[in-house]
Amino acid sequence: MSRLRIVVEFAATRWLRRLRTREAVERRQRRLLRRHLRFLRRRSPYFRSMIPRGARDLGALPLMDKAILMAHFDELNTVGVRRDAALRVALDNERSRDFRTGIGRHAVGLSSGTSGHRGLFLVSRAEREAWAGSVLAKTLPAGRILGHRIALFLRADNTLYESVGSRAVSFAYFDAFADMAQNLERLQRYAPTILVAPPSVLLVIARALEHGRTSVRPEKVYAVAEVLEVADERRIAAGFGLDVIHQLYQCTEGFLAHTCPHGTLHLNEDGILVEREPLGAGRFVPIVTDLRRRAQPIVRYRLGDVLRERTEPCPCGSALTAIARIEGREGDTLRLPRRDGGIVEVFADLVSRSLLYADGVAEYRIVQVGPRTLEVGLEAADDTREEAVRAAVAGELTSLADRLGAVRPELRFVPYAPDGRSKLRRVERRWRGEQGDAEL
Ligand SMILES: [Zn+2]
């Protein structure tokens, strides 16, 4: 990797490209978008006929999702990589868990996601370097930027995060699938100053800290790759003895948001454009256009996550949109019958918030398995109190339903079982039923 490009991007993001007003943010977005559309028209066979000459905005460009990205992979990408070749390399890498092989100067990766489709991602070297520079600019603490040791726990997509180690900053990669006891031992030796991992891994480390099985003390902890639930956030913060658990909202579709020193998520609107599909009460599904990603363009990509905008401005004064919470996957919004007919959408975040009030819950997972049936996997902090904890959880879920005007759900309690290798999802809707109320 070229250190120079990383350093240039780092400096530009951190010091030169200070966007102090909303006007400045939008001016930059308009400039990048015009340039990007010109590029796509020239270089992407998929977009050539869709973008008129001299286009200044996204106009009538269609939405994109993983299925479209896969179906049009060959015409979409601007570097002439074929889907079959890329898929072969990506699958081999996944099998060997060695992600260094790419195609030419491009890295390829698979994303499983939660939607069931298999996605194939393609990133150029220049894009990876720019990514590394901008992530570092947004994560290294103010004051000291040299000498950090960054530990990253990753599942897949490792090619996106190729090592940029140097004397200034060192990186160590940990396989989140590997044996956790060995990971902890290595982590202890490495003594990271910054730790980046999915919440499920951070919970394991926080627990190890509480039981004295490790003594790592990173200055900053970042949650990535999974929704950070309120209760988990508190447990992780307490375990690490930190006031703020930071977040990087990064998926294969792009680096979408990061937390400021106050712990507030801000959209990375210096490099992406976020359109909104509104869901009411400040909630929306983001539709993302990456204004700088060229090898595999991400244009009007509908993410399927539910975000909630923060109502009051963040004290950090940033002109980038502040997000109160990432509330989970759109498909995991529970749908309960309304008492007076119709459907109430119960956002995952509302469920996890309501469970904050139930005492003695160690672990939980709530899955909607029928039109009004919730399966509740529960582990009590103290086995002898299991009945009481069940009653407390039932009470909170019932009062949540009452508050939202929904029919009270039938609760089926089962022992808590983590869902294996997939991402930690505490609230999930498995029942698909009808989108309307035909089955109720
Ligand atoms: Zn802020």
Side-chain angles (χ1 to χ4, degrees), residues 10 12-30 32 133-145 194-196 199 202 218-234 236-238 240 242-251 254-291 303 305-328 347-350 352-353 356:
F10 179 90
T13 310
R14 188 120 170 181
W15 297 300
L16 306 178
R17 209 186 285 144
R18 296 303 269 287
L19 300 166
R20 295 183 192 282
T21 62
R22 198 60 211 168
E23 233 294 275
V25 172
E26 285 166 14
R27 207 175 324 128
R28 174 176 163 78
Q29 287 180 325
R30 281 196 299 272
L32 290 178
S134 109
V135 171
L136 288 174
K138 284 166 174 154
T139 51
L140 295 187
R144 183 166 78 95
I145 56 175
I194 298 176
L195 170 63
V196 183
L202 293 177
E219 290 166 36
K220 279 181 108 177
V221 169
Y222 277 90
V224 291
E226 291 165 357
V227 172
L228 179 63
E229 307 268 353
V230 210
D232 292 340
E233 184 177 358
R234 292 187 185 176
I236 294 165
F240 283 92
L242 292 169
D243 296 329
V244 172
I245 297 303
H246 286 276
Q247 291 182 71
L248 293 177
Y249 181 24
Q250 154 83 48
C251 43
F255 177 27
L256 303 175
H258 68 283
T259 40
C260 69
H262 295 267
T264 306
L265 270 167
H266 291 277
L267 296 177
N268 295 334
E269 290 165 314
D270 49 344
I272 60 167
L273 188 70
V274 180
E275 297 173 277
R276 303 170 185 207
E277 198 179 292
L279 298 172
R283 293 188 171 82
F284 65 94
V285 174
I287 297 166
V288 173
T289 299
D290 193 317
L291 299 169
L303 266 184
D305 283 339
V306 178
L307 270 56
R308 182 157 47 88
E309 189 171 358
R310 199 180 139 108
T311 43
E312 68 279 28
C314 179
C316 78
S318 170
L320 304 174
T321 300
I323 297 298
R325 281 209 91 75
I326 299 166
E327 304 211 325
F347 294 99
D349 190 56
L350 287 180
S352 32
R353 284 198 156 266
L356 284 178

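Here the structure is a predicted model, which is why all the values come from computation and not from measurement.
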Quick one, Ile245 with Asp232, criterion side-chain contact (heavy atoms from CB on, under 4.5 Å). Give me CA distance, side-chain angles, the key distance, then yes/no. CA-CA 10 Å; Ile245 297 303; Asp232 292 340; over 6 Å; no
Give a yes-or-no answer on whether the side chains of Glu309 and Thr321 include a donor-acceptor pair shorter than 3.5 Å. no
For the residue pair Val230 and Asp349, what are the closest heavy atoms and their distance? CG2-OD1, 4.0 Å
In Å and rounded to the nearest 0.5 Å, what is the CD to CD distance from Glu226 to Gln247? 11.5 Å
If you take all heavy atoms of Leu279 and Phe347, which pair is closest and at what distance? CD1-CE2, 4.1 Å
Could you measure the distance from the CZ atom of Arg310 to the OG1 atom of Thr264? Nearest 0.5 Å is fine. 4.0 Å
Has Arg234 got more than 12 heavy atoms of other residues, nucleotides or ligands less than 6.0 Å from its CZ? no
Consider side-chain contact (heavy atoms from CB on, under 4.5 Å). Of Val224, Leu228, Leu256, which one does Tyr249 pass it with? Leu256
Looking at NE2 of His246 and CG of Leu195, how far apart are the two atoms once the value is rounded to the nearest 0.5 Å? 12.5 Å
Closest non-hydrogen atom pair between Glu269 and Gln29, with its separation: O-NE2, 3.2 Å
Side chains of Leu307 and Val274, heavy atoms from C-beta outward: is any pair under 4.5 Å? no
Reported CG-to-CZ distance for the pair Leu267 and Phe255, which is rounded to 0.5 angstrom: 11.0 Å
My understanding is that only one of Thr289, Leu291, Leu273 makes a side-chain contact (heavy atoms from CB on, under 4.5 Å) with Leu32; could you say which? Leu291
Heavy-atom closest contact (Gly254 atom, Asp290 atom, distance): CA-OD2, 4.5 Å
Listing request: all salt bridge (charged side-chain N to carboxylate O under 4.0 Å, His left out) pairs with a residue in residues 279-288, at least two apart in sequence or in separate chains. Arg283-Glu327
Taking Lys138 as the fixed residue, which of Thr259, Asp270, Thr13 is the one that meets the side-chain hydrogen bond (donor to acceptor under 3.5 Å, both in side chains) rule? Asp270
Test item: Thr139 side-chain N/O and Val135 main-chain N/O as donor-acceptor pair under 3.5 Å: yes
Can you give me the closest heavy-atom contact between Pro141 and Lys220, atom names plus distance? CG-CD, 3.9 Å
Using modelled atom types and a 3.5 Å cut-off, is there a donor and acceptor pairing between side-chain atoms of Glu277 and backbone atoms of Ile287? no
To the nearest 0.5 Å, tell me how far Ile326 CD1 sits from Leu303 CG. 10.0 Å
Tell me, do His258 and Leu320 make a side-chain contact under 4.5 Å, heavy atoms counted? yes
For the residue pair Arg308 and Ala281, what are the closest heavy atoms and their distance? CD-O, 4.2 Å
Using 0.5 Å steps for rounding, measure from the OG atom of Ser318 to the NE2 atom of His266. 4.5 Å
